[in-house]
Amino acid sequence: MKRLITILLLVIVAAFGFAGSEELEIYSYLYNGASTYTDKLGILQTVAELKPSGAGEFYAGALHSLVSDYQNIRNVGEKTAADEQAQILSELLGDEKYTAAAADLWWVAENFQNPLVKADALVALGEIRAMAFLPQVIRVLTDLNLSPARDRLTGERIAYGAILSLEKYGDISGYVPVYFAATGWYSDRIKSQAVKSLAVISQDPSEPMTQIIRSPGYDYPTKFAALQTEEASGASNQAKAGVALAAYTEGWRASTSDVSQRMTLLRMRLMGMDMIKRYGAPDASDPKAEVYRLLERSYKEGSETDREESLNAITTLSVINSDEAVNRLNSYLMLLNGKMQSGTLNTKDRVMVREIIPALGRTRNSKAGIVLRSVTSLNWEEGVKNLAREALKEIQ
């Protein structure tokens, strides 16, 4: 039957010398005149093989006719033929970049039952970059990401179409749902495609990762994973520093009594400081910059068990090496001088003084000189005085 239709169309076009719009009128006449969806499918398959130029309007008309009557189709065979038509038309409209068909393509994605048909319609929406329907495509994948579908194969097929659609949209707003698909409940094939699609959507995930870190809708492990993703990305140093500061801020903003979650927040703060050391601190030239408030808190409230956070705060300030950073270190050392004189030093204080003094030396900033010299004139043990003398050599 299909071969006969192909021959018939070729004979008609050749015999009458139709071309361009006249040729498409013939295809449309035959398609609209067919009495069953099976016959329409045969005609459509033939037209798809012939690939006439400028056929977008014909394809859009065929799809509109299909969706208008789809809910009235009861025969199983006719329903199957309609599904096949929808798939062919989705692909053809995507190839044609025929944006006027967007509403009908979304109708297919919403209302057809076959998951492969839904997937193809979603992909076509991405190919034609139907921006009005981008939020709907994002919602499809976001909802699927939440938990395994009752029918996993059906869910995976639709998710695959949504992932490819967002890849073809190439809009940064689609990054987050594809990111979660890459680590979601799906099989390796779907997750692998999500990873590939992420690289196409954007090489710089800084904006969506910051969105995840700041959003109250994600748990602490998810936020920490977003920071790790940013670190592993090809984003610029400046962008990484910005995300690190956002994570560091979130690490102190959040509060929980859960031991495991508190450890995750600590790890997020430590990684944020480490990235700031390597990539720089945003607005470090401003004495009122957020980073100084955070480092002050890490120094004062850092872990009392291993003191890792307090020590990292000292090191980070020395690496930032701005006048404000040096002033902060000076103030910490002056407080320790006072505690030494009053006889109130504790074990942590004795560890801190041996970290702050070399940190001031590494800044090579002359502003540290007065406080370092005061150490040598006070009643510190000789080892601490020696550290101060060595630090003074570095800044002179």
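Along the sequence shown, the residues carry numbers beginning at 1. Hydrogens, waters and symmetry mates play no part in the numbers below; they use all other heavy atoms, side chains included. Note that the structure is a prediction, hence the values are computed from the model and not measured.
Summarising the local packing, CD of Glu57 is surrounded by 12 or fewer heavy atoms from other residues, nucleotides or ligands at distances under 6.0 Å. Few gaps surround CG on Asp286; more than 12 heavy atoms of other groups in view lie less than 6.0 Å from it. Other residues, nucleotides and ligands contribute more than 12 heavy atoms inside 6.0 Å of the CD atom of Gln228. Residue Arg267 qualifies as open at atom CZ: its count of foreign heavy atoms under 6.0 Å is 12 or below. Around the CZ atom of Arg297, the shell of radius 6.0 Å holds more than 12 heavy atoms that belong to other residues, nucleotides or ligands. In Gln203, the CD atom is not crowded: 12 or fewer heavy atoms of neighbouring residues, nucleotides or ligands sit closer than 6.0 Å. Residue Ile370 qualifies as open at atom CD1: its count of foreign heavy atoms under 6.0 Å is 12 or below. Surrounding CE of Met263 are at most 12 heavy atoms belonging to other residues, nucleotides or ligands under 6.0 Å away.
Of the possible polar contacts, one joining the Asn32 side chain to the Ser28 backbone as a donor-acceptor pair under 3.5 Å is found. In this structure, the side chain of Arg129 engages the main chain of Tyr169 through a donor-acceptor pair within 3.5 Å. Although no hydrogens or angles enter the test, the distance criterion places a donor-acceptor pair under 3.5 Å between the side chain of Asn330 and the main chain of Lys367. Checking side-chain atoms of Asp274 against main-chain N and O of Leu270 turns up no donor-acceptor pair under 3.5 Å. A donor-acceptor distance shorter than 3.5 angstrom exists from the side chain of Thr363 to the backbone of Leu360, with no hydrogens or angles considered. With hydrogens and angles ignored, the 3.5 Å screen pairs no side-chain donor or acceptor of Glu309 with any backbone N or O of Ser298. Formation of a donor-acceptor pair under 3.5 Å by the Ser233 side chain with backbone atoms of Glu230 is found in this model. No side-chain donor-acceptor contact under 3.5 Å links Asp120 to the backbone of Val117. The backbone N or O of Ser147 lies less than 3.5 Å from a partner atom in the side chain of Trp185, making a donor-acceptor pair.
Using a 4.0 Å cut-off between charged side-chain N and carboxylate O, Arg253 and Glu250 make a salt bridge. We find that Arg152 and Glu156 are not joined by a salt bridge, their nearest charged nitrogen and carboxylate oxygen being 4.0 Å or further apart. Look at Lys240 and Glu231 and you find a salt bridge, because one of the NZ, NE, NH1 or NH2 atoms lies within 4.0 Å of a carboxylate O, short of that distance. The residues Lys40 and Glu84 are annotated as not salt-bridged, no charged nitrogen and carboxylate oxygen being separated by less than 4.0 angstrom.
A cation-pi arrangement is absent between Lys79 and Phe112 under the rule of less than 6.0 angstrom and at most 45 degrees off the ring axis.
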side-chain contact (heavy atoms from CB on, under 4.5 Å) between Met268 and Leu227: does it pass, once the steps are laid out? CA-CA 8 Å; Met268 192 156 71; Leu227 179 62; 4.1 Å; yes
Check the pair Met273, Leu295 against side-chain contact (heavy atoms from CB on, under 4.5 Å), reporting the backbone distance first and the verdict last. CA-CA 8 Å; Met273 279 191 280; Leu295 289 168; 3.7 Å; yes
Verdict with reasoning, Asp283 to Val291, per side-chain contact (heavy atoms from CB on, under 4.5 Å): CA-CA 8 Å; Asp283 301 320; Val291 69; over 6 Å; no
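At a threshold of 4.5 Å between side-chain heavy atoms, the hydrophobic network of Ile, Leu, Val, Met, Phe, Trp and Tyr places Val384 and Ile314 in one connected group.
Within the structure, ring-ring contact (aromatic ring centres under 6.0 Å, His included) pairs that include any residue of residues 78-97 do not occur (at least two apart or interchain). Pairs engaging residues 316-372 under the ring-ring contact (aromatic ring centres under 6.0 Å, His included) rule: Tyr299-Tyr332 [sequence neighbours left out]. Applying the salt bridge (charged side-chain N to carboxylate O under 4.0 Å, His left out) rule to pairs touching residues 207-218 yields nothing, sequence neighbours excluded.
For Phe180, the ring-ring contact (aromatic ring centres under 6.0 Å, His included) partners at least two apart in sequence or on another chain are Tyr218. Partners of Thr222 under the side chain to side chain donor-acceptor pair (under 3.5 Å) rule, at least two apart in sequence or in another chain, are Asp219. Applying the side chain to side chain donor-acceptor pair (under 3.5 Å) rule to Gln341 yields no partners; only residues at least two apart in sequence or on another chain are considered.
Between Ala254 and Tyr220, the shortest heavy-atom distance links the atoms CB-OH, 3.4 Å. The two residues Pro358 and Val353 make their nearest non-hydrogen contact at CD-O, 4.4 Å.
If you check the side chains of Ser192 and Asp188, you find no donor sitting under 3.5 Å from an acceptor. Side-chain atoms of Ser65 and Tyr31 include no donor-acceptor pair closer than 3.5 Å. No side-chain donor from either of Thr256 and Asp258 sits under 3.5 Å from a side-chain acceptor of the other. Between Ser197 and Gln193, the side chains place a donor N or O and an acceptor N or O closer than 3.5 Å (distance only, hydrogens not considered).
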